[in-house]
J.: 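I am attaching a structure below and will ask some questions about it afterwards.
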Amino acid sequence: MSDNLPTFAPTKPQANDIPILERDYRFAELTLVYLRKCDPQGWNRRILEVVTLIPKWLESGPEEVRPERRLGGSSFYTVHFRRSKMPVANAIEYYSRIRGGVAVDIPQTADEKAANATPFTVPATPIAEEPPWPAVACEIDGEYFWQKSPFWGFFSGGIRRHQLLASAQANEVLSGLVLKEREKAMGYLQELLPFELTERPGLLGSCHLVLPNPLFGDVHTRLETSTPPRLNVRLHSYPGADISTLKATFREFRPDGQINVIKVPNVSNLFSVDFGHEPHKVSFEIVCATRGVLFSSPPTTFVHSIDINMGLITAKRKVFVPSNPPGGTPETFEVPVVGSTTKSTTGSSTPSAEGLLSVLKDQMQREASLDAESSQRWFDDVAQAKAAIREIIAKATRSIRIVDPYLGARELQSFALATTSSRSSIEIMTSAAYLKEDGHKAGIQLAKHVKSLAVQGFTNKIEVRVMGGKKPGIHDRFLIADDEAWLLGSSLNEFGARGTMMVRLRTPEAIRAEIDKVWVKAIPLEQYEGNSPKP
């Protein structure tokens, strides 16, 4: 291969181009949440920090130092929130020092400076950056997690962002805190942040540089009903903003792939794009020659019409449900009764091209079939059902958890031991209601079987817990293998003997959290065994 091939440098925003940044932004706003240990060997640790450059068109909020939150009456730890301002060039230098792994003095508010307050330091931490400095990422239009975050407000026109992620794990950022202190800290952070840090532990210890769009706000698109249809684009530039350096690129997609690229060399506040036909999906980006990508949208379809069904409530039905057990207070509820409905259509109801509709229909049917195969399965054959569950368990490399109120020694042997990884932990949750049947026969057999596995040299860690009470805390059956969670339609002791379903859950972490609540309260099998009759 020749070493003389031409190279092309992409246009990308430079987060360290101070002259451009000082031209676009008035000052920087630094928002910091940190943990402090209050003793002679005390320290400060960054929980989350944001350096936001404030555009000239935007008014910023006041500087703020909120009262500390102590994590318990006798705790040495406090959580702090503060917001201060600083010049743009100083903010970039400050951010660069954090990026370089250098300890930094936290910028003071005007009141703190006037009072000659003693500055304090947040120590250096190992940092992983994304994207590579000095590039900044333009968030795709529609991904509003950061844009609408009340932690640093909503910015019309979107933002560009660079992030520094702490290499330390979450338990290291909050190391030293006992469980109650962690819970109090997370409760306070939940008041400040629009997300659960426990669900995004990678953000603990992180620092972010946020650059709001300095030239224009929202971008609106509308497909004109002309022949052929044209895409009208309205860009709301800010007063005094120079948009002469903006260019746009539009990409058209059909169901089978991309078919077109149209470049607009000179973007104005209102312009049109002619595809020569009605487009199916369109994505586009607006790029500044000196600032890089300022706006980006994913492939998006256009709404031609909306069907509205309106119903008129003509009566209310009051329903009485007998109490269980009899003699108690009956349950009552009301149901609105809709006597008639009307349908109206807003927009054009003209159907799309016949070929497009045919391809879309085929694609939707294929996707639905693939989704059903991967997320839900029907069984009416025991051998096939067992093979499917054993296959899921065999793929797990970290952990397996089976929740089944009727799980005993036979099911443990038949399914849980199908793991192929010697390091996978196995957690079983069954019920006292089942284990105590027939003079605690099932419980005695299960305990005996778990002990025998250790004697036989089975290396996987096995933990069995028993849900107490006449009715177990969990009724349904679950199989959790690593990051997947499945809902089973029947207990494993007869799974597949009759028609039953197995459904993969889309939010496994939420389900795991609910199961964990019952798991903590459940009795370890060794303790349950000690309270059960001996053979």
J.: Taking the side chain as C-beta and beyond, is there a heavy-atom pair between Y434 and L446 under 4.5 Å?
T.: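 Counting from C-beta outward, Y434 and L446 never come under 4.5 Å.
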J.: Applying side-chain hydrogen bond (donor to acceptor under 3.5 Å, both in side chains) to Q413 and H449, what does each step give before you reach the verdict?
T.: CA-CA 9 Å; Q413 184 76 17; H449 190 67; 2.5 Å; yes
J.: Begin with the C-alpha distance, continue with both residues' side-chain angles, and end with the deciding distance and a verdict on side chain to side chain contact (heavy atoms under 4.5 Å, CB included) for L211 and I159.
T.: CA-CA 5 Å; L211 307 178; I159 65 171; over 6 Å; no
J.: Closest heavy-atom contact between S431 and P405?
T.: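 Nearest heavy atoms, S431 then P405: OG-O, 2.6 Å.
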J.: Got L412 and L453 here, is their nearest side-chain heavy-atom distance under 4.5 Å?
T.: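 Touching, per the 4.5 Å side-chain cut-off.
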J.: Using atom types as modelled and distance alone, determine if a side-chain donor or acceptor of S323 lies under 3.5 Å from a backbone N or O of P330.
T.: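 Judged by distance alone, no pair lies under 3.5 Å.
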J.: Ignoring hydrogens and geometry, is there a side-chain-to-backbone donor-acceptor pair from N213 to G157 under 3.5 Å?
T.: yes
J.: Closer than 4.0 angstrom, basic N to acidic O: yes or no for E437 and K441?
T.: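 A salt bridge is absent here (no side-chain N lies under 4.0 Å from a carboxylate O).
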J.: Roughly how far apart are L294 CG and I286 CD1, rounded to 0.5 Å?
T.: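 So the gap between those two atoms works out to 8.0 Å.
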J.: Using a 4.5 Å cut-off on heavy atoms from C-beta on, say whether the side chain of L487 contacts that of F478.
T.: yes
J.: Answer yes or no on whether R401 is positioned over the face of W519, meaning its NZ or CZ is under 6.0 Å from the six-membered ring centre and within 45° of the axis.
T.: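 Relative to the ring axis of W519, which defines the angle, R401 lies inside both limits.
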J.: Any idea which heavy atoms bring G205 and A166 closest together, and the distance?
T.: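 Heavy atoms only, the tightest pair is O-CB, 3.5 Å.
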J.: Restricting to non-hydrogen atoms, name the atom on V335 and the atom on V319 that form the minimum distance, rounded to 0.1 Å.
T.: CG2-CG2, 4.4 Å
J.: Is a salt bridge present between R317 and E334, judged by a nitrogen-to-oxygen distance below 4.0 Å?
T.: no
J.: Can a donor-acceptor pair be found, under 3.5 Å and without considering hydrogens, that links the side chain of T300 to the backbone of P298?
T.: yes
J.: To the nearest 0.5 Å, what is the distance between CD1 (I474) and CD1 (I515)?
T.: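 One finds 5.0 Å between CD1 of I474 and CD1 of I515.
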J.: Any side-chain heavy-atom pair from T221 and F284 closer than 4.5 angstrom?
T.: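 Heavy-atom side-chain distance check passes, below 4.5 Å.
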J.: Kindly indicate whether the side chain of L165, heavy atoms from C-beta on, has any atom under 4.5 Å from the side chain of I127.
T.: no
J.: Show your working on side chain to side chain contact (heavy atoms under 4.5 Å, CB included) between R512 and I480 and close with a plain yes or no.
T.: CA-CA 8 Å; R512 185 190 292 270; I480 302 175; 3.0 Å; yes
J.: Measure from the side-chain N and O atoms of N44 to the backbone N and O of Y34, and report whether any donor-acceptor pair falls under 3.5 Å.
T.: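 A pair under 3.5 Å: no.
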J.: Answer yes or no: is there a donor N or O on one side and an acceptor on the other, between the side chain of E411 and the main chain of G408, under 3.5 Å?
T.: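 Confirmed, E411 side chain pairs with G408 backbone.
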J.: Please check: side-chain N/O of S206 versus main-chain N/O of L203, any donor-acceptor pairing under 3.5 Å?
T.: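 Indeed, once roles are kept as given, a pair shorter than 3.5 Å links the two residues.
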J.: State plainly whether the residues R99 and E129 are in salt-bridge range, i.e. N to O under 4.0 Å.
T.: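 Judged by the 4.0 Å cut-off on N to carboxylate O distance, R99 and E129 do form a salt bridge.
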J.: Less than 4.5 Å apart, any side-chain heavy atom of L407 and any of L492?
T.: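 Yes, close enough: below the 4.5 Å cut-off.
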J.: Could you pull out the closest heavy-atom pair between R254 and P279, with the gap in Å?
T.: NH1-C, 4.0 Å
J.: With a 3.5 Å distance limit and no angle check, can you tell me whether D404 reaches the backbone of M429 through a side-chain donor-acceptor pair?
T.: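 Checking the backbone N and O of M429 against the side chain of D404, no donor-acceptor pair under 3.5 Å is found.
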J.: Regarding K180 and E183, does a basic nitrogen lie under 4.0 Å from an acidic carboxylate oxygen?
T.: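 A salt bridge is absent here (no side-chain N lies under 4.0 Å from a carboxylate O).
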J.: Tell me whether the NZ or CZ atom of R66 lies within the 45° cone about the ring axis of F81 and under 6.0 Å from its centre.
T.: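 Geometry flag: set, cation within 6.0 Å and 45°.
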J.: Measure the CD1-CG distance between I393 and L417 for me, rounded to the nearest 0.5 Å.
T.: 9.0 Å
J.: Please give me the minimum heavy-atom distance between C138 and S296, naming the atom from each residue.
T.: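 Nearest heavy atoms, C138 then S296: SG-N, 4.0 Å.
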J.: Answer yes or no: is there a side-chain heavy-atom contact under 4.5 Å between I389 and F495?
T.: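 Heavy-atom side-chain distance check passes, below 4.5 Å.
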J.: Please report the interatomic distance CZ(R398) to OG(S425), rounded to the nearest 0.5 Å.
T.: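 One gets 9.5 Å once the value is rounded to the nearest 0.5 Å.
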J.: Could you measure the distance from the NZ atom of K281 to the OG1 atom of T301? Nearest 0.5 Å is fine.
T.: 6.5 Å
J.: Less than 4.0 angstrom from a charged side-chain N to a carboxylate O is my criterion; do R69 and E191 meet it?
T.: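 Yes.
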J.: Check the pair Y188 / Q190 against side chain to side chain contact (heavy atoms under 4.5 Å, CB included), numbers first and verdict last.
T.: CA-CA 5 Å; Y188 181 40; Q190 191 171 357; over 6 Å; no
J.: State whether the side chain of T52 and the backbone N or O of V210 hold a donor-acceptor pair below 3.5 Å, judged by distance alone.
T.: no
J.: Start with the C-alpha gap between V403 and D476, add the side-chain angles, then the distance that decides, and say whether side chain to side chain contact (heavy atoms under 4.5 Å, CB included) holds.
T.: CA-CA 8 Å; V403 180; D476 294 345; over 6 Å; no
J.: Just how far is it from atom CD1 of I98 to atom OG1 of T125, taken to the nearest 0.5 Å?
T.: 8.0 Å
J.: Do H280 and P255 come within less than 4.5 Å of each other through their side chains, counting heavy atoms only?
T.: yes
J.: Give the minimum heavy-atom separation between R377 and A388, together with the two atoms involved.
T.: NH1-CB, 3.6 Å
J.: Are any of the side-chain nitrogens in R251 or E285 under 4.0 Å away from the carboxylate oxygens of its partner?
T.: yes
J.: Quick one: does any side-chain atom of N460 pair with a main-chain N or O of S421 as donor and acceptor, under 3.5 Å?
T.: yes
J.: Should the pair Y95 and H162 be assigned to parallel (<30°), tilted (30 to 60°) or perpendicular (>60°) ring geometry?
T.: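 It falls in the perpendicular class, over 60°.
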J.: Using a cut-off of 6.0 Å, state whether more than 12 heavy atoms not belonging to Y406 lie near its atom OH.
T.: no
J.: Would R70 and T78 satisfy side-chain hydrogen bond (donor to acceptor under 3.5 Å, both in side chains), going step by step from the backbone distance to the final call?
T.: CA-CA 4 Å; R70 186 169 294 276; T78 54; 5.9 Å; no
J.: Given 3.5 Å as the limit, does a donor-acceptor pair link the side chain of S491 with the main chain of N493, or not?
T.: no
J.: Between K184 and E181, does any NZ, NE, NH1 or NH2 come within less than 4.0 Å of an OD or OE carboxylate oxygen?
T.: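 K184 and E181: not salt-bridged.
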